[in-house]
2 protein chains.
Amino acid sequence: MAASPAAGTGGSRREQILTVAAQLFAKHGFHGVSIADLGAAVGVSGPALYRHFPGKEALLAEMLVGISEHLLAGGQARACASDDPREVLAALVEFQADFALREPELIVVQDRDLANLPAEARRRVRRLQRTYVEIWVDTLQRVHPGLTAESARIAAHGAFGLLNSTPHIAPGPLGAGRSEGRPHAAAALLSRMALAALMDLPG
Amino acid sequence: MAASPAAGTGGSRREQILTVAAQLFAKHGFHGVSIADLGAAVGVSGPALYRHFPGKEALLAEMLVGISEHLLAGGQARACASDDPREVLAALVEFQADFALREPELIVVQDRDLANLPAEARRRVRRLQRTYVEIWVDTLQRVHPGLTAESARIAAHGAFGLLNSTPHIAPGPLGAGRSEGRPHAAAALLSRMALAALMDLPG
DNA sequence: CGCCCCGGTTAACGCCTGTTAACTGGCTCC
DNA sequence: GGAGCCAGTTAACAGGCGTTAACCGGGGCG
């Protein structure tokens, strides 16, 4: 009735589609993946996807809005967790690094296919992203009192670029393994770099 | 005869097409721009482009190969310009920052639409990129003797992500103006961040 | 038992796109 | 002044795409 079927798996088909779509979109781009491809990848064929999503763009919208909301929520949680802006900054960096390393496909799709969203969803994602960036800007300005907001914004975007470089790492000894247990060496390295860059700012 | 027509303008139509294509591809993605759109944007209509390029993919190929060659050439020049690895590193950072700030569309297209290249061109671009990265890796290892090649590669990609974040900067006081004369404050800020990150590496 | 909705199928439609064909005005060069 | 190429044009084609329509098996429930 009100509850989704198979609550234990959490509406598995929908989530399976979103997961697979993220991988395919990351590899071939939104327009490079057809509905038929997507269906084939989850084991059904073609128009079956319309039983779960009203259209291809809606699927992308749900994916990108979900990412933005997740990042914003995580950012807000870290921002409220401490009064020391340096601690907050370190937590933000670690959070972003962890996400970027765990979900590189989402990182790729988010900034590559934003333009393919329908206008309304695009505005929504942009707003969420802006709010997330403002958390970083505020924190940076509290760490560096003389820093202008413009400079802080550039620095924040730079840090994102640094931390989100994970998709460019060829799978190898350091970056390898989706194993979530132990701390990744790559995440540690990138976090360290980001903190060094962000602590050295003028002001 | 052997010389291209209008050597003074350097085959202006071809270059105009490439420039406009870069802007459109950066905004809408390779598959999001039709040949007709492209023609309209340069003032001709549709199939006229086939007088200058054998096809849409070939156009993209020429663009991406050109970028990779330009970056590699610039990188090799900086690498040979000094014996002090720190000076080389600083020069590499400045070179990349300058390019990223001057040609943000090319930055976007290069890593977003690599997958849309025909196989042969893609391999060629990948090879050029790998060679460019190796310059950075070598330089980093000379600055930090204990650094492994894997770590250096991750650090290099991270630095690229940081420096290439320029397309995400909303046009504003710091990032504004294609005016090439005075040094951009944004470029200086990003270069400083990148150097701080790269000098702090372990090893 | 029979109803009905959920999630799937295949067939078909219409649009858009890359590409080719056929044709044409103008500029250069002999 | 005519030949020929260069850079355009419009018309047409074939293929692929997102989307819709029509149909159907199966499991839960009254």
Side-chain angles (χ1 to χ4, degrees), chain A residues 1-21 24-25 27-64 109 113 115-122, chain B residues 1-21 24-25 27-64 109 113 115-119 121:
Chain A
M1 301 264 185
S4 296
T9 62
S12 69
R13 251 298 143 70
R14 264 185 83 90
E15 292 198 11
Q16 184 197 8
I17 292 171
L18 282 171
T19 303
V20 169
L24 290 184
F25 288 170
K27 196 169 299 188
H28 305 109
F30 179 72
H31 284 122
V33 179
S34 73
I35 291 275
D37 294 338
L38 237 157
V42 306
V44 304
S45 218
L49 302 185
Y50 286 83
R51 303 291 161 192
H52 302 277
F53 298 92
K56 200 188 178 192
E57 287 187 336
L59 198 158
L60 181 69
E62 181 152 330
M63 192 165 116
L64 295 198
V109 176
D113 290 316
N116 297 122
L117 279 182
E120 186 207 1
R122 185 169 53 231
Chain B
M1 307 265 179
S4 295
T9 62
S12 69
R13 249 305 144 66
R14 266 184 81 92
E15 294 198 10
Q16 184 196 8
I17 292 171
L18 282 171
T19 303
V20 169
L24 289 184
F25 288 169
K27 196 169 300 191
H28 305 110
F30 179 71
H31 283 123
V33 178
S34 73
I35 291 275
D37 293 339
L38 237 158
V42 307
V44 303
S45 219
L49 302 184
Y50 287 83
R51 302 292 159 191
H52 303 276
F53 297 92
K56 200 188 178 191
E57 287 188 336
L59 199 158
L60 181 68
E62 182 152 330
M63 192 166 117
L64 295 198
V109 176
D113 289 316
N116 297 121
L117 280 181

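Protein chains get the first letters and strands the later ones, always in sequence-line order, with residue 1 at the start of each. What you see is a predicted model; the values in this text were computed from it and never measured.
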With sequence neighbours left out, what residues match [X] under side-chain contact (heavy atoms from CB on, under 4.5 Å)?
{"X": "B:S34", "result": "B:A36, B:D37"}
{"X": "A:A41", "result": "A:V20, A:L24"}
{"X": "A:A48", "result": "A:V44"}

- Query: Are any non-hydrogen side-chain atoms of A:F25 and A:L38 less than 4.5 angstrom apart?
  - Reply: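 A:F25 reaches A:L38 side chain to side chain.
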- Between A:R122 (side chain) and A:A115 (backbone), is there a donor-acceptor pair under 3.5 Å?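 Checked: pair present.
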Value in whole Å for how far the [atom2] atom of [N] lies from [atom1] of [X]:
{"X": "B:L38", "N": "D:dG8", "atom1": "CG", "atom2": "C1'", "value": "16 Å"}
{"X": "B:L49", "N": "D:dC6", "atom1": "CG", "atom2": "P", "value": "17 Å"}
{"X": "A:F53", "N": "D:dT20", "atom1": "CZ", "atom2": "P", "value": "16 Å"}
{"X": "A:L59", "N": "D:dG18", "atom1": "CG", "atom2": "P", "value": "11 Å"}

The contact string for nucleotides 15-21 of chain C, one letter per nucleotide 5' to 3', using protein heavy atoms under 4.0 Å with B, S and - for base, sugar-phosphate only and none, comes out as --SSBB-
Query - salt bridge (Lys or Arg N to Asp or Glu O under 4.0 Å) partners of residues 40-62 of chain A, not counting sequence neighbours, each pair once - result: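 Those involving residues 40-62 of chain A are A:R14-A:E62.
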| said: On the nucleotide C:dG8, are OP1 or OP2 found under 4.0 Å from the side-chain N or O atoms that A:H52 carries? | reply: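 For C:dG8, OP1 or OP2 has a side-chain N or O of A:H52 closer than 4.0 Å.
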field: Relative orientation of the end axes in the helix from C:dC1-D:dG30 to C:dC30-D:dG1, expressed as an angle to the nearest 10° (five pairs per end)
entry: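 Roughly 0° between the end axes, to the nearest 10°.
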Looking only at the side chain of B:R13 (C-beta and beyond, no hydrogens), which of the listed nucleotides C:dT9, D:dT9, D:dA7 gets closest?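 Nearest to the side-chain atoms of B:R13, counting from C-beta on, is D:dA7.
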Q) Atom CG of A:L117 and atom CG of A:L64: how far apart are they, to the nearest 0.5 Å? A)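 Answer rounded to 0.5 Å: 4.5 Å.
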Where is the tightest heavy-atom contact between B:N116 and B:H31, given as atom of each residue plus distance?
->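 Distance-wise, the nearest heavy atoms are ND2-CE1, 2.9 Å.
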